[in-house]
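All remarks here apply to the structure that follows.
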Number of protein chains: 2
Amino acid sequence: MKRGVGQGGYSLREKIFLKLRQDILDGKYKAGDSLVEMKLAEEMGVSRTPVREAIRQLELEGLVYSIPNKGVFVEGITSQDIEDIYAIRECMEGLAARWAIERMDEQSLKELENLCELMEFYTGKGDLDRVGELNSKFHDLIFESTNSKPLKQILSDFQYYIGNIRLASLKSPGRAEQSLSEHKAIVEAFKDRDVEKGERALVEHIRNTRLNYEKMRRD
Amino acid sequence: MKRGVGQGGYSLREKIFLKLRQDILDGKYKAGDSLVEMKLAEEMGVSRTPVREAIRQLELEGLVYSIPNKGVFVEGITSQDIEDIYAIRECMEGLAARWAIERMDEQSLKELENLCELMEFYTGKGDLDRVGELNSKFHDLIFESTNSKPLKQILSDFQYYIGNIRLASLKSPGRAEQSLSEHKAIVEAFKDRDVEKGERALVEHIRNTRLNYEKMRRD
DNA sequence: ATTGACTCTATTGTATACAATCCCCGGTGT
DNA sequence: ACACCGGGGATTGTATACAATAGAGTCAAT
């Protein structure tokens, strides 16, 4: 039998989960919208089963809430949530920096440096979408290097949640250049294996990102 | 139709999810064990569907990992994970204290005080299981009062993860009394609406819990 | 006019049926 | 002895069928 959606290595459920999450984060479904299993299933040309499973996962992530026998509704994330996430990250990325600097191997360090150079290149070219991508990889690499499952999980989720925000923030004038120099400082500290400096640099970076977001929101 | 398991307000999926999670955390399923949908379904007298949904949620929480078309296997949590969780909590509960003190209403404050008094009572009676329960409620109430969805979600999950550890820790000699006095200090700070003091008290409390855990592990 | 019961529809909850996949294991040829 | 190939069982992935429930709208009795 020919499969409708599930080509790319992932299972249908996985693909649907990612798609729905992206759609919610993109605002395609607004808070309060109801997600009807059958409707979604038809739209994607699959049965209800994988849709259900995807929705259950969204529920656990807190992006939707479900009222038994009634329906499931989009929760979305508020700007309050985003501010909270930045505050939390400010704490946790410090921890991440500490652990990563202690545990990161030479190869990952090289890769980190490389990512930073690529960011410089694309920042120069003004391709900010690409820069945003690299930015994600940069931080993901740090999370990965902490070698801490709990920390990794939290920060990766958060990263995904605020991905769009961060991209928008990156496009505000001057921010990309500032962000770049902050990343350079982080790489510097990592190369020196200087925990104190790295922690400061990373926390500072998050802090500036948050401030920029708040400034952007005011306009 | 008569329902087999889903009596208590929850859906079958919910109950199965909670049960499986508890079983994994209790060590009934050890790391590497495979969870077979059909087997679990038969054991609980339900069909595969709700079992699948529960497993998908466990997967998202990182407690199991699934290899497509092969099976799902218990990941469990290592003692490294637990130490990491304590370290993370040490950061985040400070944040929680700050937010909760600023935002907690009088009624919740009363309740917090009440929980502390109950803990004192049961600590005196030596009913540590009950104390552990109250302890969970105590911290949950604080999380709730932060009014921050992201923070709440993370800390509640962690709390659940390490629930058993904490209970064991509470039973080591003298720890219950120490824990009680720490809780009293927290309540004190909350009543005074003293952010600095509350933050210090709560962080210190987590820190001591962690130290006690490490000490316990060494024996 | 209001209220209460009732049916009807939409939706989810659960069960089962069927398809696809992986992997072990044994046979077979060299 | 050993590599290779193929069958069959076990397991998950997906689809569909059926049950239960909530809620809205209707209609009759008061």
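Note on naming: letters A, B, ... go to the chains in the order of the sequence lines (proteins, then strands), and numbering restarts at 1 for each one.
- The side-chain heavy atoms of B/L40 and B/I55, taken from C-beta on, include a pair separated by under 4.5 Å.
- Taking atom CE of A/M38 as the reference point, atom C1' of D/dC18 lies 14 Å away to the nearest angstrom.
- Of the candidates C/dG13, C/dT16, D/dT12, D/dT12 carries the atom nearest the B/N69 side chain, counting heavy atoms from C-beta on.
- Taken residue by residue, residues 48-64 of chain B places heavy atoms nearer than 4.0 Å to DNA chain C at B/R48, B/T49, B/P50.
- Rounding to whole angstrom units, CG of residue A/L35 and P of C/dT12 are separated by 9 Å.
- Of all heavy-atom pairs between B/L128 and B/L167, the closest is O-CD1, 3.7 Å.
- Put simply, CZ on B/R13 is 6 Å from P on C/dG13, counting in whole angstrom units.
- Straight-line distance from the CZ atom of B/F17 to the C1' atom of C/dG13: 18 Å, rounded to whole Å.
- A salt bridge links A/K152 to A/E144: at least one charged side-chain nitrogen sits closer than 4.0 Å to a carboxylate oxygen.
- In this structure, the CG atom of A/L12 is 10 Å from the P atom of D/dG13, given to the nearest Å.
- One atom, NZ of B/K39, and another, P of D/dA10, lie 14 Å apart when rounded to the nearest Å.
- As rounded to whole Å, 16 Å separates atom C1' of D/dG13 from atom CD1 of B/I67.
- Classified by interplanar angle (parallel below 30°, tilted 30° to 60°, perpendicular above 60°), the ring pair A/F158/A/Y161 is perpendicular.
- No donor-acceptor contact under 3.5 angstrom links the side chains of A/R52 and B/T49, judged on distance only.
- Closest to the side chain of B/V36, from the set C/dT16, C/dG13, D/dT12, is D/dT12.
- The CD atom of A/E42 sits 12 Å away from the P atom of C/dT12 (whole-angstrom rounding).
- Between B/E214 and B/R210 there is a salt bridge, since a side-chain N of the basic residue sits under 4.0 Å from a carboxylate O of the acidic one.
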